[in-house]
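Down below is the structure, laid out as structure tokens.
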Amino acid sequence: LPTSYVCTRAASVPAGVGPPEMPMSLEMPGSPAPTRSAAPPQASKATIRKAIYAGSVGNFVEQFDYGLYGYMAPMLASSFFPSGDTAAAVLSTYAVLAIACVFKPLGGTLVGRWGDRVGRKKALLWTIIIMGVSTAAIGAVPSYAHIGFLAPLILVLLRTFQGIISGGEYVGAVAFIVEWASPNERAYYTSYASNSCFLGILGGAGTAAAVSAIFPPDQLESWGWRIPFLAVLPLSLVGLWLRNRVDETPDFLRETDGGREIVKAPVREALRDQWRPMLVFCGASIMLAILSYTWVTYYPEYLTSSLGLSRTEALASNLISVAALMPLLPLAGRISDRIGRRPMLITGALACLGLVPVAFAIGEIGTFGAAVASQLVYIVPEFFLTGIVTTCSAELFATRTRFSASAIAYNCSFSLFMGFTPFLAALLVDQFGSIYAVWAYLAVFAVLALVFTVVFVRETANRSLEELELELGVDTSAGK
């Protein structure tokens, strides 16, 4: 704060008020301003690193499973569905994945309520256990040739159950990291949660490629594809160990008086008191859901079906761009922690409007090099948006209902649009005959996000979570 403000505030305190042993002193420019209330003790760097590992490992497991499932879809189709129509079987396999996404908002609400009542740590311990078991169970389900229609039925049930649980995994991990991080490094530390998702996708794709290279086609379709799914279980146990080594977040303990005074109905309270920031988050973040899932799900297919690249070239170009973005996200977090969230969100929205059509134009050249170059341009708005939107998913909400509110908001924007975007993109290209129709679809929500960010999004960088709660009008002593 400016020196004049500090001096004015000090001079306005009546004589004799406050502890006599605290002498008045002038604050020099650049010195830290006094806080409005006591904040939790600052965690050490080692503790924060443990929190990052603990929070990110579940995201890795979740995305590893999705990447593995997507790349192994042809093998899954031959195992779980009738062999008469290969194309229909593969489509059915992808439809099972889409069904799981539909249940994410419900799952996020349930897991979010759980996390606000029993704590972030306990909720995340259970989510990683259940995700690991359900993924490994896919590798143990008998094939259609052995149990008939029960095979696809069990697959649907497992994916649905996993969709419900994973609906709260990512936002819970982000809340966990944000509540451990210092106010001036939240975006930087949260960028590693975003990176763990991309790393999981790369890990799933790489594992699928390795297994496909090791096993002959007949063995791969018979039983080789099951090995990576079964391997997720020990990976989840490692995640369980990492999460068990970290304590509950200091902000949750502060807000609940050490876990003794919890919110009785966090979902109802979130919908009643925080519906405005929930709508603001949805309005500002839908563009990222469309941007990201057009890139990682639809665009490789477009490169293959419309531009004539081989499937290997299309996937390789996509993975190269993912790998290029990962080391840049911590830098984006550092920049946001310095200049704020709003400038990053505004720049990202403008980049969606200006650079995405340039990326599509480069890709239309139809070569592998052009596909790589187009996606390197495409990730520029991703650089400005990915980690920052993730950080805002926790910062915009009060601690007492943060898990529930962020789960509802995040899943209503991301889970719904991530499921529909590939379908709508394919439909738009089919109807209008141009990839620029997809850009127009993105541009509508980029303009919406620009308006929401400029008018409604409040700056949250470099401010304590308790200060942000006071600005929200949340009574941080309620329920204590």
Margin query: I'd like to know if Arg120 pairs up with Asp251 as an ion pair, taking the criterion as any Lys NZ or Arg NE/NH1/NH2 lying under 4.0 Å from an Asp or Glu carboxylate oxygen.
Written below: no

When rounded to the nearest 0.5 Å, the distance separating CD1 of Ile435 from CG of Leu428 is 9.0 Å

Quiz prompt | Pi-cation contact, Tyr188 with Arg334 (under 6.0 Å, within 45°) | solution = yes

Take Val451 and Leu448 through the test side chain to side chain contact (heavy atoms under 4.5 Å, CB included) and record every step on the way to the result.
-> CA-CA 5 Å; Val451 172; Leu448 177 68; 5.6 Å; no

| field | Close aromatic pair by centroid cut-off 6.0 Å: Tyr293 and Phe417 | value | no

Note to self: So does Leu291 get a backbone contact from the side chain of Tyr378, meaning a donor-acceptor N/O pair under 3.5 Å?
What the structure shows: yes

Under the 6.0 Å and 45° cation-pi test, does Arg276 pair with Phe456? no

**Prompt:** Are Met326 and Leu202 close enough, and set up right, to give a side chain to side chain contact (heavy atoms under 4.5 Å, CB included), and what steps lead you there?
**Reply:** CA-CA 11 Å; Met326 288 177 59; Leu202 290 175; 3.4 Å; yes

(request) Let me see the working for Ser434 and Val429 under side chain to side chain contact (heavy atoms under 4.5 Å, CB included), right down to the final yes or no. (result) CA-CA 5 Å; Ser434 172; Val429 171; over 6 Å; no

To the nearest 0.5 Å, atom CZ of Arg243 lies from atom CD1 of Ile129 at 10.0 Å

Thr386 and Ser194: side-chain donor and acceptor closer than 3.5 Å?
no

Between Glu185 and Lys45, is there a salt bridge with N-O shorter than 4.0 Å? yes

Review point. If you measure only the distance, is there a donor-acceptor pair under 3.5 Å linking the side chains of Thr391 and Tyr189?
Key: no

request  = Could you give me the CA-CA distance, side-chain angles and deciding distance for Glu179 and Thr399, then say whether side-chain hydrogen bond (donor to acceptor under 3.5 Å, both in side chains) is met?
outcome  = CA-CA 8 Å; Glu179 290 178 6; Thr399 300; 4.7 Å; no

Before you tell me yes or no, could you show the steps for Gln375 and Glu382 under side chain to side chain contact (heavy atoms under 4.5 Å, CB included), namely the whole-Å CA-CA distance, both residues' side-chain angles and the distance that decides it to 0.1 Å?
CA-CA 11 Å; Gln375 291 174 83; Glu382 289 278 354; over 6 Å; no

One should read off an interatomic distance between Asp218 CG and Trp223 CH2, to the nearest 0.5 angstrom, of 10.0 Å

Review point. Does any donor atom in the side chain of Ser196 or Gln63 lie under 3.5 Å from an acceptor atom in the other side chain?
Key: no

For Ser321 and Trp295, test the side chains for any donor-to-acceptor distance below 3.5 angstrom and give the result as yes or no. yes

Do Trp225 and Ser79 meet the criterion of a side-chain donor-acceptor pair at a distance under 3.5 Å?
yes

Looking only at heavy atoms, the pair that brings Ala193 and Val174 closest together is CB-CG2, 4.4 Å

*Would you indicate whether the side-chain heavy atoms of Tyr441 and Thr421 approach each other to under 4.5 Å?*
yes

| Can any side-chain N or O of Thr294 pair as donor or acceptor with the backbone N or O of Tyr298 at less than 3.5 Å? | no

In short, Ala270 meets Ala405 closest at the heavy-atom pair CB-CB, 3.9 Å

